[in-house]
Amino acid sequence: MRDRHFSATLRQPGKLLVRTLLIASLFSSGIAILPKAMDGIRLLYHDTNPVTWMKHQVGLVQPGQYAVEMSNALENDDIALATSLYELSLEHGISIPQKLKARLDDANSWSETAKRKARCIGSSFVTDQVQCLEGLLASSIADLSPIGDAKELLNQPWPDYDIVSVGIAAASLTASGASFAAGSGLPAKIGITTLKILKKSGKISVALLADLRRVLSRAIDKDQVKSLSVQARQLDPTNPSDWPLDELISTARLIIRQDAVNELSATGRNLREIGNTAGFRGTIETVERSNTLKDLQRYQEVAAAYEGRYRGALALTKGRRVFRIIDQFWSLLVWMTAALIWLATAAWFISRMGWRILRAIRREPRL
């Protein structure tokens with residue numbers, strides 16, 4: 001009898017240790033699982049905010065990926081991206097190796113920044129590869145004027161014209177009239193010009209081009225396009241100063257419906273705001289991964305919320321379609337299933353412990 005009591009006494013600390021570890025494990029796993037599951041429920045049933053979707057995707061990234069993407073950005077001389085990733089790592093409490101941080105500090109020195117901007121502007125004059133905002137301004141002075149839009153129309157292989165190029169040029173001419181008349185259309189004009197440059201350089205995704213064709217095919221008056229083609233073929237390429245720009249702007253307003261102009265102008269403003277936040281590279285990365293004009297609006301909202309961390313978020317979520325529920329369904333389902341298992345385990349453990357405590361209280365002798 002005494003031997004059994006002695007053995008039971010020895011086993012008590014072991015049981016206590018096991019129960020303590022179980023409680024700690026249950027608590028720590030709950031901290032990891034439950035917030036993700038709540039995000040999943042909110043995303044699937046309530047929340048359509050693109051910022052919330054992006055935060056969910058960034059939250060799934062492994063901590064080590066931050067350093068990998070930062071190192072790749074520095075190797076490619078993309079210091080703005082490396083800085084964006086570093087700022088995002090600070091927000092999420094991710095530790096970055098000290099050597100990598102030192103490389104970033106060196107690259108962000110005043111002299112290195114000036115050299116990069118000079119290289120970008122120079123290459124933008126010589127080639128069509130625009131990679132920074134300064135280079136965009138250097139290469140698009142002509143495109144910002146109505147003459148640039150008229151040249152786009154003049155260079156079309158009439159009658160086999162590209163509906164996207166003609167639609168963008170017509171919308172840009174219409175925005176030119178608003179811009180030069182009152183100045184109110186200038187942000188949209190700059191954004192539409194950016195879209196035109198990206199189209200010419202092949203940076204727009206196939207899906208986004210298809211969406212542009214869908215919008216413009218319903219909005220362009222083909223009879224008026226014939227009239228515009230006649231005007232365009234009468235222009236003297238060697239003497240742009242004599243081009244009847246007022247007539248071209250008037251014809252452009254007849255070619256394309258105002259709702260399509262408004263949609264392209266809104267897209268232009270979105271691109272302009274993304275460019276202000278993330279630079280021209282950030283604009284290119286956004287356009288390349290957007291499937292619809294609606295996606296551009298969503299990314300603009302994300303850029304406004306993330307500010308300098310926006311390009312970092314894009315880099316960490318590359319290869320993922322952030323705003324498609326079907327693409328996120330399985331990961332959300334895994335987290336919600338894990339939460340259900342956790343809740344069932346927690347309920348079983350609490351009920352078992354409660355029952356033991358209740359039995360112990362009942363056995364306790366009364367005074």
Side-chain angles (χ1 to χ4, degrees), residues 127-130 136 139-177 179 185 188-237 240 243-245 247-272 280 283-284 286-296:
T127 70
D128 291 330
Q129 299 303 313
V130 182
L136 172 64
S139 67
S140 64
I141 294 173
D143 285 305
L144 281 168
S145 71
I147 291 177
D149 299 319
K151 283 182 178 179
E152 184 68 34
L153 297 173
L154 177 64
N155 293 330
Q156 284 298 310
W158 304 102
D160 301 321
Y161 61 91
D162 177 20
I163 193 170
V164 175
S165 297
V166 170
I168 291 175
S172 185
L173 277 170
T174 304
S176 294
S179 300
K189 169 67 176 175
I190 293 173
I192 292 173
T193 299
T194 304
L195 188 64
K196 180 167 61 175
I197 292 171
L198 293 173
K199 165 71 170 60
K200 288 194 291 186
S201 59
K203 298 294 185 182
I204 298 179
S205 69
V206 174
L208 183 55
L209 271 178
D211 195 46
L212 280 167
R213 285 194 184 92
R214 178 188 60 79
V215 171
L216 292 170
S217 62
R218 298 198 313 256
I220 286 183
D221 187 330
K222 293 180 174 55
D223 292 330
Q224 291 295 336
V225 168
K226 292 179 182 178
S227 174
L228 181 65
S229 69
V230 172
Q231 287 181 276
R233 282 178 288 189
Q234 291 174 347
L235 299 177
D236 182 0
W243 290 356
L245 295 178
E247 292 180 20
L248 285 172
I249 290 173
S250 298
T251 306
R253 287 175 176 166
L254 297 175
I255 283 178
I256 187 168
R257 286 208 318 256
Q258 188 58 45
D259 59 335
V261 173
N262 293 340
E263 189 166 1
L264 284 177
S265 296
T267 299
R269 283 189 290 271
N270 289 334
L271 288 173
R272 173 68 172 165
F280 192 61
T283 306
I284 292 175
T286 301
V287 170
E288 286 179 334
R289 66 187 292 172
S290 294
N291 293 318
T292 63
L293 297 178
K294 183 67 176 175
D295 279 351
L296 288 177

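- Residues Ile192 and Ala171 come closest through the heavy atom pair CD1-O, 4.2 Å.
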Walk me through whether Lys199 and Leu212 qualify under side chain to side chain contact (heavy atoms under 4.5 Å, CB included). CA-CA 11 Å; Lys199 165 71 170 60; Leu212 280 167; over 6 Å; no

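- Taking CG of Asp221 as the start and CD1 of Ile255 as the end, the distance is 8.0 Å to the nearest 0.5 Å.
- Judged purely by atom type and a 3.5 angstrom limit, Ser205 has no side-chain atom pairing as donor or acceptor with the backbone of Asn291.
- Considering Thr292, Thr286, Leu293, Val287 in turn, Thr286 is the only one that fulfils the side-chain contact (heavy atoms from CB on, under 4.5 Å) rule with Ser290.
- The OG1 atom of Thr267 sits 10.5 Å away from atom CG of Asn262, with the distance rounded to the nearest 0.5 Å.
- For the atom pair NZ of Lys203 and CD1 of Ile197, the computed distance is 12.5 Å after rounding to the nearest 0.5 Å.
- By the salt bridge (Lys or Arg N to Asp or Glu O under 4.0 Å) test, Arg213 pairs with no residue at all, sequence neighbours left out.
- Counting all heavy atoms, side chain and backbone alike, Gly167 lies closest to Ile220 at CA-CD1, 3.8 Å.
- Here Ala210 pairs with nothing under the side chain to side chain contact (heavy atoms under 4.5 Å, CB included) rule; sequence neighbours left out.
- For Asp259, the salt bridge (Lys or Arg N to Asp or Glu O under 4.0 Å) partners two or more places apart in sequence, or in a different chain, are Arg257.
- Taking CD1 from Ile163 and CG from Leu209, the interatomic distance works out to 12.5 Å, rounded to the nearest 0.5 Å.
- The line from CG of Leu195 to CG of Leu296 is 8.0 Å long, rounded to the nearest 0.5 Å.
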Pair Leu216, Leu264 - check side chain to side chain contact (heavy atoms under 4.5 Å, CB included), show working. CA-CA 10 Å; Leu216 292 170; Leu264 284 177; 3.9 Å; yes

